[in-house]
Amino acid sequence: MTVVTRFAPSPTGTLHLGGARTALFSWLYARNQKGKFILRIEDTDRERSTLESVDEILASLKWLGLDWDEGPFFQSQRTELYNAKVEQLLREGKAYRCYCTKEELDKKREELTAAGKKTVYARTCRERTDGNPAQPNVVRFKMPTTGATSFVDTLRGVVEVPNEELDDFVIRRTDGGVMYNFVVVVDDAEMGVTHVIRGDDHLANTPKQVNLYKGLGYQPPKFTHVSMILGPDKKRLSKRHGAEATLEYRDMGFLPEAMVNMLARMGWGHGDQEVFSREELIQFFTLDKITLSPAVFDKEKLEWLNIQHIKRTPDETLAELALPAVKAKFPHADKEALMKIIPLLKQRSRTLIEIVQGADFYFLKEIAPDEAATKFLTAHHLPALEGALGIVEESAVMDHDALNAQFKELAQKLARGMKDVAQPVRAALTGRAISPGVFEMIALLGRDETLRRLRDAANKIKAA
Ligand code: GLU
């Protein structure tokens, strides 16, 4: 049997972390099993579905690197199939037209509520034969009224629900619109889905769906309902815990690899390993290791993972990821130049944004010192700058060790601490008080550019 999984988002908003994790688990399981991963957009709710949301979901999945083998399918384009299946159920007496008006239904519901009973539909139209299909009607599915419906959930084992608690639920509305519980079954079955992995908010829908599988003559898939995601304070994940939309994390400078790692660790684990490459996740992922208890999203942990993944990412990949933002500031920047700086930045950057900012010093044409840097560009610092000028002018070798030795000597000669010598140079070269290592920067900038910047700074101090 080939494993087929799917991700079936409703395009009614952004793809939040819970949805991204569901997609990841479905994708990982398909890849682990060398199966197929299908993307299906569940846009039957015409009022709430938007094209922007579809675009955003697709962009999020692409960013995370969750590629699909089939799709995206759109339920809004499959109406014919759904109607054929409704007709089939009607013909076989497994579904019926219900002509009850809203007022009648409301009244019955109130009576049941007042009597303290569960508000299931009273099945008024179930055995009716005098209905006129030309009149407004919904189509309801005939559920069994006795016994129980059961299914196996990977994490919960056998789940059983008494049938008397289950409604003859609507599968097609008066306006012809088809309902989620119905179309999800038709599609999962017709698309050959073998494993449904989704949020546990759908647990209550599954008994209805299991009966529909039977009614339509399909074999039900295996179900895995994953827990919801909480913040570190054990409250339901919300804006307070950080951004909700997956793509906002991209914009904050997180690597997709770090995000995928974080999402996988929310409710799944492999021993005590924390940092996983994508290949490792594919290799180790199994459904039975998903935890039943709610998963926790911790932004600090994501930040830590991002640092680990930045260190592990090849220079060339980092350069490609950072280049668009660097080019936006410095049109003359290119990948080759950026790749020279990356080794300097990747050991000390927490996000891609820090890498982009860290690259500034290299591409700047005009140094405009900020407030912190200005403190190191005063008359007091002039001897250090002029000493540095001398070193860079005469130094035969311009690598870290050679420069380090000569700057030490200079500090001794001036009877100053190393910091008091290095900081003015840093400020002159970058306009910042914090930057990559001074000697590494000098080596990268080269003699001419370093001298130009040092002279510039020294001249400005003299002129002031
Ligand atoms: N469209 C449903 C949702 O977004 C999918 C549920 C399912 O996976 O069956 O919640």
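Just so you know, these numbers use all the heavy atoms, side chains as well, and skip hydrogens, waters and symmetry mates. In each ligand, atom 1 is the first atom listed, and ligand 1 is the first ligand listed. Only a predicted model underlies this, so the values are computations on that prediction, with no experimental measurement involved.
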Return yes when Y180 approaches ligand 1 closer than 4.0 angstrom through a heavy atom, no otherwise.
yes

Among all the protein's non-hydrogen atoms, which is closest to atom 10 (O) of ligand 1, and how far away is it?
H202 NE2, 2.8 Å

Students should be able to answer this: which protein heavy-atom is nearest to atom 5 (C) of ligand 1, and at what distance?
A8 O, 3.1 Å

For ligand 1, is any non-hydrogen atom under 4.0 Å from R6's backbone (N, CA, C, O), its side chain (CB onward), both, or neither?
side chain

Among F330, F363, Y362, whose side chain to side chain contact (heavy atoms under 4.5 Å, CB included) with L338 holds?
F363

Test: R156 and D153 ion pair at under 4.0 Å
yes

Tell me whether the NZ or CZ atom of R78 lies within the 45° cone about the ring axis of F73 and under 6.0 Å from its centre.
yes

Where ligand 1 meets E42 - atom numbers and elements under 4.0 angstrom, heavy-atom basis
1 (N), 2 (C), 5 (C)

On the ring face of Y96, is R128 found with NZ or CZ under 6.0 Å from the centre and within 45° of the axis?
no

Main chain of L445, side chain of R453: is a donor-acceptor contact present, judged purely on distance under 3.5 Å?
no

Counting from 1, what ligand 1 atoms have a heavy atom of V184 closer than 4.0 Å?
9 (O)

